Amino acid sequence: MEKVDLSDVSELITESEIIDFERDGHVCIRGLSTPEEIGNFKPSLEETAANGVYEKKPLQDRDTYGKAFLQVHNLWQRNETCKKFVFAKRFAHAAARLLRASSVRLYHDQALLKEPGGGHTPWHQDQTYWPLEKGSTLTMWLPLSNISKEIGSMHFVSGSHGLGDINAGVISDESHHEIQKWIDDQEQSVTTYGAMRVGDATFHSGFTIHSAPANPSNMPRPVMTVIYVAEGTRILEPTPEQKFDLKFWLDGRLPGETVGGPLNPILYP
Ligand SMILES: O=C(O)CCC(=O)C(=O)O
């Protein structure tokens with residue numbers, strides 16, 4: 001089925017894009033893959049995600065986090081075609097270039113489906129949830145359908161990855177209001193890449209503050225994310241919010257050990 005297979009290509013990410021990523025904590029790579037390539041994987045990704053959704057409440061009965069998206073983790077463990085997508089050398093090579101790492105591992109993947117009428121994704125930092133060393137992780141965010149300007153893609157606070165954990169807590173109305181006030185008070189610069197086409201992807205660092213707008217359209221906004229971690233990254237003593245990740249995504253490894261169990265395979269080289 002996969003005639004075009006997301007194989008590795010050289011000269012994938014330029015030095016100037018790496019510098020942008022290091023300075024801002026985010027970057028958009030247009031045309032990382034082609035619509036044809038993504039189209040080959042999309043049916044399996046969407047079907048596997050739909051089968052994995054555990055949310056049963058209607059949209060209007062959920063809290064802000066619940067309205068932001070339906071999320072399904074580790075599609076790579078559920079379906080062989082999804083595994084090929086998540087393990088694609090091209091994506092992992094891009095992640096390794098941006099992290100300036102000789103080798104990267106999978107942390108986990110997630111399908112994030114913002115439903116028609118779905119709410120905004122509150123401001124947050126991903127690494128609040130991850131007991132991992134600073135500067136060692138990044139997320140690839142790749143839409144499976146074109147995203148119009150009306151729906152919009154992620155919003156990032158440029159340079160915020162350098163702050164480490166700002167202790168705004170888990171994704172919630174509280175994290176959103178606290179961070180929005182800080183952005184306004186400090187006149188922080190917020191960037192969005194706006195409309196995105198299938199094959200484009202954004203990458204953001206683990207501590208980059210980000211959010212996403214609501215979906216006012218009558219079409220779903222399907223996105224795949226893959227989270228990478230640089231080889232050699234140490235596991236930290238977990239905070240209460242991080243205990244889940246320590247247990248489920250890190251193969252029972254302990255603080256002080258490096259990431260590297262069977263759940264976190266090397267994806268590049
Ligand atoms: O897709 C979204 O709405 C939010 C995604 C996000 O927060 C992430 O990938 O870290």
Side-chain angles (χ1 to χ4, degrees), residues 21 24-29 32 45-46 49 53 55 59 62-75 85-86 91 94-95 98-99 106-130 132 136-158 160-161 165-166 168-173 175-176 179-180 190-196 198 200-217 219-229 241-242 244-245 249:
F21 178 75
D24 298 332
H26 57 84
V27 71
C28 180
I29 309 295
L32 179 65
L45 292 166
E46 291 192 332
V53 169
E55 179 61 81
L59 190 63
R62 300 181 215 149
D63 64 8
T64 303
Y65 187 12
K67 284 180 180 144
F69 43 68
L70 298 172
Q71 70 185 301
V72 181
H73 287 104
N74 273 4
L75 271 57
F85 178 90
V86 172
F91 298 152
L98 291 169
L99 287 169
L106 175 66
Y107 188 35
H108 56 272
D109 71 66
Q110 295 185 91
L112 299 176
L113 181 79
K114 205 180 273 288
E115 297 148 283
H120 74 287
T121 306
W123 287 115
H124 67 279
Q125 291 178 299
D126 295 336
Q127 214 160 320
T128 296
Y129 295 93
W130 304 340
L132 299 172
S136 59
T137 62
L138 63 68
T139 299
M140 179 183 76
W141 190 92
L142 188 147
L144 300 176
S145 298
N146 291 338
I147 293 191
S148 64
K149 204 168 156 218
E150 181 200 18
I151 299 174
S153 53
M154 296 259 274
H155 287 52
F156 303 102
V157 179
S158 294
S160 55
H161 60 311
D165 195 342
I166 63 161
V170 294
I171 305 182
S172 59
D173 289 331
S175 72
H176 190 76
I179 294 174
Q180 188 60 57
V190 173
T191 306
T192 179
Y193 299 98
M196 288 175 70
V198 175
D200 299 344
T202 59
F203 291 81
H204 63 274
S205 193
F207 277 122
T208 303
I209 296 170
H210 59 281
S211 65
N215 179 3
S217 76
M219 297 296 291
R221 187 225 63 181
V223 161
M224 266 308 288
T225 63
V226 183
I227 297 126
Y228 301 90
V229 54
E241 294 77 32
Q242 294 171 347
F244 176 92
D245 272 45
W249 304 135

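In each ligand, atom 1 is the first atom listed, and ligand 1 is the first ligand listed. Only heavy atoms go into these numbers, but all of them, side chains included; no hydrogens, no water, no symmetry mates. Values in this document were obtained by computation on a predicted structure and should not be read as measured data.
Look at Gln110 and you'll find every heavy atom at least 4.0 Å from all atoms of ligand 1. Residue-ligand proximity: Val223 is placed with every non-hydrogen atom at 4.0 Å or more from ligand 1.
From Gln110, atom CD reaches atom CD1 of Ile227 across 4.5 Å, with rounding to the nearest 0.5 Å.
Interface atoms of ligand 1 facing Lys114, defined by a heavy-atom separation under 4.0 Å, are 3 (O). Under a 4.0 Å criterion applied to the non-hydrogen atoms of Phe69, ligand 1 contributes the atoms 2 (C), 3 (O), 4 (C). Every atom of ligand 1 is numbered from 1 in the order shown, and the set under 4.0 Å from a heavy atom of His124 is 7 (O). Near Thr225, meaning under 4.0 Å from one of its heavy atoms, ligand 1 places the atoms 9 (O). Short contacts between ligand 1 and Leu112, defined as distances under 4.0 Å to a heavy atom of the residue, involve ligand atoms 1 (O), 5 (C), 9 (O). Within the listing of ligand 1, atoms 10 (O) sit less than 4.0 angstrom from a heavy atom of Asp126.
The backbone N or O of Ser153 lies less than 3.5 Å from a partner atom in the side chain of His155, making a donor-acceptor pair. At distances below 3.5 Å, not a single donor-acceptor pair connects side-chain atoms of Glu241 with backbone N or O atoms of Gly169. Between the Lys114 side chain and the Ala214 main chain, no donor and acceptor come within less than 3.5 Å of each other. No donor-acceptor pair under 3.5 Å is formed between the side chain of Thr202 and the backbone N or O of Val27.
Polar contact check, His210 against ligand 1: a nitrogen or oxygen pair lies under 3.5 Å apart.
Between His124 and Tyr129, a ring centre-to-centre spacing not shorter than 6.0 Å is recorded.
Residue Arg221 touches ligand 1 through its side chain alone, judged by heavy-atom distances below 4.0 Å.
Taking the six-membered ring where the residue is Trp, His210 and His204 present tilted rings, their angle falling between 30° and 60°.
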Quiz item: Under the side-chain hydrogen bond (donor to acceptor under 3.5 Å, both in side chains) criterion, do Thr139 and Thr225 qualify, and how do the steps go?
Solution: CA-CA 6 Å; Thr139 299; Thr225 63; over 6 Å; no
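Of the protein's non-hydrogen atoms, the one nearest atom 3 (O) of ligand 1 is Thr121 OG1, 2.6 Å.
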